[in-house]
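Let me begin by presenting the structure, written as structure tokens, before commenting on it.
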Amino acid sequence: MEEPLDRSTTWPYREGEPGPFHYARDAHPTGVEAERALGELDGGDALLFASGTGAATALALALLQPGDTVALAQDAYYGTGVLFRELERWGLRHVLFDQTGAPPAGVQLVWIEAPSNPLLTMPDLAAAAAHPAPVVCDATAATPLHLRPLEHGCDYVLHSATKYLAGHHDALLGAVVCRRGEEAARLQELRTRTGIVAAPDAAWLLLRGLKTLEVRVERQTASARELAERLREHAAVQVVRYPGFGGLLSFDVAGAAAAHAIETGTRLIANATSLGGVDSTMESRHRWEPERVPPGLLRLSVGLEPVAALWDDLRVALAAAV
Ligand code: PLP
């Protein structure tokens, strides 16, 4: 059954009294329905935002004050680091740490990513949960199918719903899932005040995407596992970075020239950024984050194409790089 899409920004009062929906910046029915569905998947109270980065901004503003320090996983999505560098102007500090170990003491927030994009490291969830500060886990690449961070003691799950959750490269959207209802209420208030809100159309695309999340992610995982195995055996590939689940992997070839030949040599796999959609995408991440990603690293987001066709495409492109 299709969910209704309500694009209204205002709803009539009833006998002079505002109802549960009165102005769309506060809440709208399509968004609330999508939040209910996502909250169920992650086991908490979900809130939608204009993008994953918008969700991260809202969390930072809600949880921190000038002078506070965030312990940020050094492998976290590079845009999260860019955001915290931007927020330095408002007195928010951050320190980078290796998320495979314990976060440093003396910080007011811990921020981890499972698995990290594009290096695919997994955080030590138990060590993060043991830290006295609240813990945010960006689980964009894992999805609730593979990891439910609230069950591991994290306080907030962050998703770029642009990726697997919506899943079709046609909706820009973020979400935070909160362990506690009162913190969700505070975050919702901040969302209304700052206006970092999701549009009904994007929320509707998320609702539709969630209906196929399980079958998409299962298929993407099966294909990624097979491709990771084949890549490991290929003479042109030096390292395969894959945590063993999910549809995202990275692999390293000899250097920038080889990576360029491969990313421009595929026909089925689009040479494009982003991840988590039904169509496979691959790119050298060095172009965006040269300070931490080796020139030969290629990130591959495995879509729903037949795995044999994906391997044929990769094999031909890799042959040019040996
Ligand atoms: N977190 C991760 C792990 C991501 O990969 C991304 C985007 O690539 C984001 C957050 C930011 O999400 P958005 O692009 O929806 O703002």
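Note that ligands are numbered from 1 as they come in the structure, with each ligand's atoms numbered from 1 the same way.
- Which parts of ligand 1 touch Glu113 is read off a 4.0 Å heavy-atom cut-off, strictly below it: atoms 3 (C).
- One finds a salt bridge joining Asp201 and Arg7 here, because a Lys/Arg side-chain nitrogen approaches an Asp/Glu carboxylate oxygen to under 4.0 Å.
- Annotation: atom 2 (C) of ligand 1 to nearest protein heavy atom, Asp138 OD2, 3.5 Å.
- The shell of residues lying under 4.0 angstrom from ligand 1, judged by heavy atoms, includes Lys163.
- With a 6.0 Å cutoff to the six-membered ring centre and a 45° limit on the axis angle, Arg191 counts as a cation-pi contact of Phe49.
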- request: Kindly indicate, with the supporting measurements, whether the criterion side-chain hydrogen bond (donor to acceptor under 3.5 Å, both in side chains) is fulfilled by Asp6 and Trp204.
  value: CA-CA 9 Å; Asp6 184 345; Trp204 189 88; over 6 Å; no

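- Per-residue contacts place Gly52 under 4.0 angstrom from the following atoms of ligand 1 (heavy atoms of the residue considered): 12 (O), 13 (P), 15 (O), 16 (O).
- For Glu305 and Ser280, the side-chain atoms include at least one donor-acceptor pair closer than 3.5 Å.
- Aromatic pair Trp11/Tyr23: ring centres not closer than 6.0 Å.
- What sits closest to atom 5 (O) of ligand 1 on the protein, heavy atoms only, is Asn117 ND2, 2.9 Å.
- The Thr162 neighbourhood of ligand 1 comprises atoms 15 (O), with distances under 4.0 Å to a heavy atom of that residue.
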